[in-house]
Q: 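The structure's right below; bear with me while I get my questions together.
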Amino acid sequence: MLINMYSKCGSEVSARKVFDRMTERTLVSYNTIISAYAQKGDEENALFLFVQMRREGNNPLTEFTVSSVLCACASKCDVLTSKQLHCFSIKNSMDENVFVGTALLDVYSKSGFVHDASRVFEGMPEKSDVTWSSMAAGLVQNKLYEEALVLYTRARATTGLETDNKFTISSIISACAGLAAFIEGRQVHSVVCKTGFESNNFIASSLVDMYAKCGAIKDAFRLFQNIQDKNLVLWNVMISALAKHSRSLEVMVLFEKMQQAGLEPDEVTYISVLSACGHMGLVKEGRTYFYLMTELHHLSPNVLHYSCMVDVLSRAGLVREAYELMKDMPFDPTAPMWGSLLGSCRVHGNVELAEVAAGNLFEIEPGNAANYVMLSNTYAAGRQWEGVASTRKLLKENDGVMKKERGKSWVEIKDKVHTFMAGERKHPRIMEILLELDRLMEETKKRGGYKPDAGYELHDVEQGKKLELLKHHSEKLAVCFGLMSLPEGIPIRIMKNLRICGDCHSFMKSVSSVEGREIIVRDTNRFHHFWNGHCSCNDFW
DNA sequence: TGATGCTTTT
């Protein structure tokens with residue numbers, strides 16, 4: 001009882017002292033101290049005491065011990081120990097125990113073995129609300145968002161279950177965020193309102209994140225403002241949301257405000273702040289934040305912070321300095337860093353460094369065709385036609401290993417998600433969509449200043465075919481369908497599986513002015529708000 | 001007398 005009291009009050013040191021002074025330890029005293037460590041996330045001590053307990057002999061292994069030790073394994077992602085415990089619990093018919101089963105599926109999904117987790121889940125004869133919420137969280141953590149939503153529906157249909165708890169709901173909202181499912185996300189929000197969890201920081205964080213990832217940054221901000229006691233994660237979520245939406249001024253304001261509210265920024269905060277500087281080309285500010293991070297807040301920059309700084313410098317044209325930073329930093333340069341460097345060598349006409357960057361990229365990601373195209377475009381910008389030819393030849397030679405993920409965009413209309421692949425022909429209304437596309441092409445060329453640019457088409461085919469492929473990029477089809485289906489004044493929200501290309505970007509700008517429509521495109525990197533011929537990213541992405 | 005679950009990152 002004393003051990004339990006001390007650990008629940010947060011003093012595991014006192015709990016351990018009591019435990020150590022006991023002249024005789026029972027199974028329960030061991031279980032209590034092990035669970036104390038497991039809950040604290042101190043897997044070292046939990047596992048150590050577990051082994052000691054086994055060595056001391058005549059302590060039978062029970063469901064209590066197994067579930068606690070599994071909890072420790074989960075934070076350590078120790079699959080090997082977990083598998084031994086799994087076998088043990090099957091042999092001793094403990095695997096049907098709710099606590100053991102739930103802990104098992106948790107450790108499997110946290111370690112990335114979500115299918116094993118699922119198998120444990122399906123095999124459990126008795127499931128508690130914790131079992132359901134653990135499974136939901138596991139699916140979300142492994143990016144199986146649709147499966148998570150299906151599970152939630154299943155849970156709600158099961159009688160005698162308290163499904164709508166903080167744990168399940170925050171996971172489900174995060175699944176909606178991952179899918180950018182605006183309509184479903186709002187439905188879950190309404191469940192939140194009914195249950196009264198709105199002020200919970202976990203729920204609020206996932207809601208703010210969900211709205212931001214659906215492109216509804218204003219809804220995200222409104223929600224954020226209404227939370228009374230904001231924790232660090234909630235501030236971080238809001239700041240990263242603003243960064244992705246290119247609201248760099250607001251990022252800086254919130255960065256100050258969170259400190260006025262008495263919270264210290266952490267590594268995550270600085271990633272968002274630095275990435276905002278990169279997006280907007282703010283060198284001076286980027287340098288200042290990097291300095292503040294190390295000198296004022298005593299945080300040691302990780303590889304992601306360096307990646308942001310490389311981006312900050314190279315986008316501003318300081319490619320040489322970016323390169324020096326990559327050589328000096330205590331990490332190996334990553335593909336995104338070389339990519340950022342190569343991209344800005346193209347813009348700023350530095351062929352020499354572009355060759356270095358491309359050489360490294362070809363080694364790290366041999367299957368990425370975009371890198372070859374980028375190098376070729378750099379040569380083209382410097383009118384070095386031999387380079388263009390040799391890079392194109394290299395690309396052709398390696399055609400077999402190139403992984404070109406097919407472009408895919410989707411848009412929600414009423415209660416349905418419409419998906420478009422590049423060159424799509426299967427949509428039931430494809431003929432109307434293509435007619436609308438022809439109309440828009442004419443209009444934007446005539447009144448919107450749009451000029452197709454086949455330089456962005458990565459496939460190695462002749463010019464006429466290139467323009468054809470370019471015209472049928474998935475986001476162009478999606479925006480046509482959006483215009484046909486959504487009433488005037490309703491923004492068109494498009495999600496995309498790749499980065500938006502330069503040609504589609506200028507097309508969207510043009511459509512927004514010609515049609516007087518707000519268009520929001522989420523690509524893999526960030527958001528683009530098109531309005532009146534402009535984009536929120538200021539053509540800087 | 002003891003056990004399992006949630007949000008943010010280039």
Side-chain angles (χ1 to χ4, degrees), chain A residues 1-5 7-8 26-36 38-39 46 62-74 94 97-107 109-110 120 124 127-138 140-141 162 165-175 177 197 200-210 212-213 230-241 243-244 266-279 301-312 334-337 339-340 524-526:
Chain A
M1 285 173 81
L2 276 173
I3 296 169
N4 195 25
M5 185 272 289
S7 86
K8 296 262 154 71
T26 65
L27 174 69
V28 175
S29 39
Y30 261 111
N31 283 342
T32 314
I33 189 78
I34 289 172
S35 91
Q39 279 190 342
T62 64
E63 289 96 333
F64 287 93
T65 328
V66 174
S67 49
S68 290
V69 177
L70 281 170
C71 173
C73 292
M94 281 183 193
N97 175 284
V98 191
F99 289 89
V100 171
T102 306
L104 262 174
L105 79 84
D106 183 52
V107 71
S109 62
K110 281 210 173 88
V120 172
M124 285 170 71
K127 301 180 182 77
S128 68
D129 51 344
V130 181
T131 315
W132 285 89
S133 76
S134 302
M135 194 63 240
V140 173
Q141 282 156 6
E162 181 61 50
N165 57 61
K166 296 192 262 289
F167 299 96
T168 309
I169 292 183
S170 52
S171 293
I172 294 307
I173 295 168
S174 150
F197 292 143
N200 175 278
N201 265 296
F202 282 96
I203 298 279
S205 302
S206 52
L207 275 174
V208 169
D209 183 54
M210 183 274 293
K213 285 189 178 154
K230 303 178 182 71
N231 69 6
L232 181 60
V233 173
L234 183 55
W235 282 96
N236 281 348
V237 169
M238 192 66 239
I239 290 175
S240 104
K244 282 203 198 88
D266 69 353
E267 288 90 347
V268 179
T269 325
Y270 273 107
I271 287 173
S272 303
V273 171
L274 291 172
S275 83
C277 294
H279 283 153
N302 63 30
V303 65
L304 300 177
H305 298 105
Y306 277 102
S307 184
C308 292
M309 276 317 282
V310 168
D311 203 41
V312 166
T334 59
M337 293 184 194
S340 178
T524 41
N525 197 34
R526 59 186 299 171

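Order of the sequence lines fixes the chain letters, A, B, ..., with proteins taken first and strands second; residue numbering starts at 1 for each chain.
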Q: Is a side-chain donor-acceptor pair under 3.5 Å present for A:Asp311 with A:Ser340?
A: yes

Q: Could you check whether any side-chain heavy atom of A:Met337 comes within less than 4.5 Å of a side-chain heavy atom of A:Val303, counting everything from C-beta outward?
A: yes

Q: Can you measure A:Ile33 atom CD1 to B:dT1 atom P for me and round it to whole angstrom units?
A: 18 Å

Q: Please report, rounded to the nearest Å, how far the C1' atom of B:dT9 is from the CH2 atom of A:Trp235.
A: 19 Å

Q: Taking A:Asn231's backbone N and O only, do any of them form a donor-acceptor pair with A:Asn201's side chain (distance below 3.5 Å, no angle check)?
A: yes

Q: Quick one: A:Ile173 CD1 to B:dT8 C1', roughly how many Å, whole number?
A: 14 Å

Q: How would nucleotides 2-7 of chain B be written as a contact map, 5' to 3', with B for base contact, S for sugar-phosphate-only contact and - for no contact, using protein heavy atoms under 4.0 Å?
A: BBBBBB

Q: What I want to check is whether the side chains of A:Ser134 and A:Thr131 have a donor and an acceptor closer together than 3.5 Å.
A: no

Q: Within this structure, what is the CG-to-P distance between A:Leu232 and B:dT9, rounded to whole angstrom?
A: 13 Å

Q: Tell me, please, which residues at least two apart from A:Tyr270 pass side chain to side chain donor-acceptor pair (under 3.5 Å).
A: A:His297

Q: State whether a side-chain donor-acceptor pair under 3.5 Å links A:Ser206 with A:Ser174.
A: no

